[in-house]
Peer 1: 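This is the structure I have questions about; it appears just below.
Just so you know, these numbers use all the heavy atoms, side chains as well, and skip hydrogens, waters and symmetry mates.
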Amino acid sequence: MSISSEHKPLGKQVTGSLHTLSPIVELNVGGEMYTTTLSTLKKHPGSKLAEMFTGQPKLRTDSEGRFFIDRPGTYFKYILEYLRSNQVPTQCVQDVYKEALFYDIEPLIKQLENSPQIFGELVARKQFLARVPNYGENIELMIRIARAEAVASRRSSVIVCVVRTEEDAARCQDALNSLDMDKKSVVKFGPWKAAPSISDLLDCIQMDIEAKGYKISFQPHVAEKGFRFKSQDFFYKFLFTWW
């Protein structure tokens, strides 16, 4: 092999194994073009990214012969910068974390998990929500109820009952029994054993539903006269706005 051919970018001309020493590699990542070396891509041998370029080529190529990876190309530059210089990104951290998980780059994953953004989400918020029974299922139930009420309407409302203690759960059930509404349409959250308050949980509900693309707000639910308890003690109305 001549010196000139040894440094040609890897692409459609490659049909054998990828054992050439530090060749240049051209990549098309979700429409974003990158040029790097094989040694950079294989820096962490146990990663999925390294596996893509180990042995026989495992990736398709585009019309120009660049290896194609069907992932968001915008964030690959942060992955590549880390592989080149061990620089941990401080921008788009949540999105880069998702890509690091996909490419299975363990050192980057661990460092990102120590960043304030990921640490706060994984250790603080997610650990709290893990202690709220059926939290994820209740979020999906709220969305299903709201969508069922959306026909020919600008807004849908979903009533939720939020209780922090077992005692409040019993009081909430008594209050729920006196409500003049379909009890199946009231979504119940709690109780839980953790420091965050009811206000914190309400913020989490709003945050997670908005993350799914919905426009939502909430307010204390005001019941009709004769209601046996202060409705704002337990009940809140979430408003989904469709247009």
Side-chain angles (χ1 to χ4, degrees), residues 72 92-98 101-102 113 115-243:
C92 308
V93 173
Q94 296 278 1
D95 294 302
V96 177
Y97 179 66
K98 293 177 184 177
L101 289 173
F102 173 79
E113 287 179 348
S115 68
Q117 299 96 319
I118 303 298
F119 181 87
E121 175 68 12
L122 293 182
V123 178
R125 200 176 81 91
K126 285 292 177 63
Q127 288 298 315
F128 160 52
L129 295 179
R131 302 183 184 190
V132 180
N134 304 314
Y135 177 80
E137 293 87 342
N138 284 342
I139 292 292
E140 295 301 325
L141 177 58
M142 287 179 65
I143 292 173
R144 289 199 300 272
I145 293 172
R147 291 174 69 94
E149 295 181 358
V151 178
S153 300
R154 184 171 186 179
R155 297 181 181 85
S156 301
S157 64
V158 180
I159 305 299
V160 303
C161 175
V162 183
V163 293
R164 187 174 176 182
T165 67
E166 293 287 354
E167 180 182 359
D168 285 344
R171 294 178 63 213
C172 176
Q173 187 59 49
D174 289 342
L176 188 59
N177 290 336
S178 67
L179 269 176
D180 185 20
M181 64 167 58
D182 182 1
K183 298 177 182 60
K184 293 182 180 180
S185 66
V186 178
V187 182
K188 296 177 282 296
F189 287 88
W192 63 86
K193 294 181 180 180
S197 65
I198 287 178
S199 177
D200 294 326
L201 181 65
L202 292 170
D203 288 339
C204 287
I205 295 171
Q206 181 175 14
M207 183 187 308
D208 289 331
I209 293 179
E210 287 181 339
K212 295 177 180 293
Y214 295 92
K215 185 177 180 181
I216 190 172
S217 61
F218 67 88
Q219 62 191 38
H221 176 60
V222 180
E224 298 80 4
K225 292 182 179 180
F227 193 62
R228 294 168 55 191
F229 299 92
K230 293 181 180 179
S231 56
Q232 60 266 29
D233 287 347
F234 308 116
F235 295 95
Y236 297 84
K237 178 186 292 185
F238 279 80
L239 294 174
F240 290 72
T241 301
W242 303 108
W243 52 274

Peer 1: How long is the gap from CZ on F238 to CD1 on I145, to the nearest 0.5 Å?
Peer 2: 12.5 Å

Peer 1: Distance check, rounded to the nearest 0.5 Å: C161 atom SG versus D168 atom CG?
Peer 2: 9.0 Å

Peer 1: Evaluate the side-chain proximity of Y97 to E113: yes if any heavy-atom separation is below 4.5 Å, no if none is.
Peer 2: yes

Peer 1: Please report the C-alpha distance between W192 and R164 in whole Å, then the side-chain angles of each, then the deciding distance to 0.1 Å, and finally whether the side chain to side chain contact (heavy atoms under 4.5 Å, CB included) criterion is met.
Peer 2: CA-CA 6 Å; W192 63 86; R164 187 174 176 182; 3.7 Å; yes

Peer 1: Can you measure from CG (L122) to CD (Q117) and round to the nearest 0.5 angstrom?
Peer 2: 11.5 Å

Peer 1: Indicate yes or no: at least one non-hydrogen side-chain atom of I205 is less than 4.5 angstrom from one of F218.
Peer 2: no

Peer 1: May I have all residue pairs that pass side chain to side chain donor-acceptor pair (under 3.5 Å) and include part of residues 141-153, sequence neighbours excluded?
Peer 2: R147-Y214

Peer 1: Report yes if some heavy atom in the side chain of D208 is under 4.5 Å from a heavy atom in the side chain of L129; otherwise report no.
Peer 2: yes

Peer 1: Can you give me the closest heavy-atom contact between Y236 and P220, atom names plus distance?
Peer 2: CD2-CA, 3.8 Å

Peer 1: For S197, is there any backbone N or O sitting under 3.5 Å from a side-chain donor or acceptor partner on D200?
Peer 2: yes

Peer 1: What closest approach, in Å, do W242 and A146 show between heavy atoms, and which atom pair accounts for it?
Peer 2: CZ2-O, 3.6 Å

Peer 1: So which atom in P191 and which in A169 form the shortest heavy-atom distance, rounded to 0.1 Å?
Peer 2: CD-CB, 4.4 Å

Peer 1: Which atom names give the shortest non-hydrogen contact between S115 and V93, and what distance separates them?
Peer 2: OG-CG1, 3.7 Å

Peer 1: I need the minimum non-hydrogen distance between L239 and S157, along with the two atoms involved.
Peer 2: CD2-CB, 3.7 Å

Peer 1: If you take all heavy atoms of I143 and K212, which pair is closest and at what distance?
Peer 2: CD1-CD, 3.5 Å

Peer 1: Working to the nearest 0.5 Å, report the span between CZ of F189 and CG of N138.
Peer 2: 4.5 Å

Peer 1: Looking at side-chain heavy atoms only, is the closest gap between I118 and Q94 below 4.5 Å?
Peer 2: yes

Peer 1: Quick check against the 3.5 Å criterion: does R155 have a side-chain atom that pairs as donor or acceptor with the backbone of T241?
Peer 2: no

Peer 1: At what distance, to the nearest 0.5 angstrom, does CZ of R171 lie from CD of E166?
Peer 2: 14.0 Å

Peer 1: Working to the nearest 0.5 angstrom, can you tell me the gap between L201 CG and F128 CZ?
Peer 2: 4.5 Å

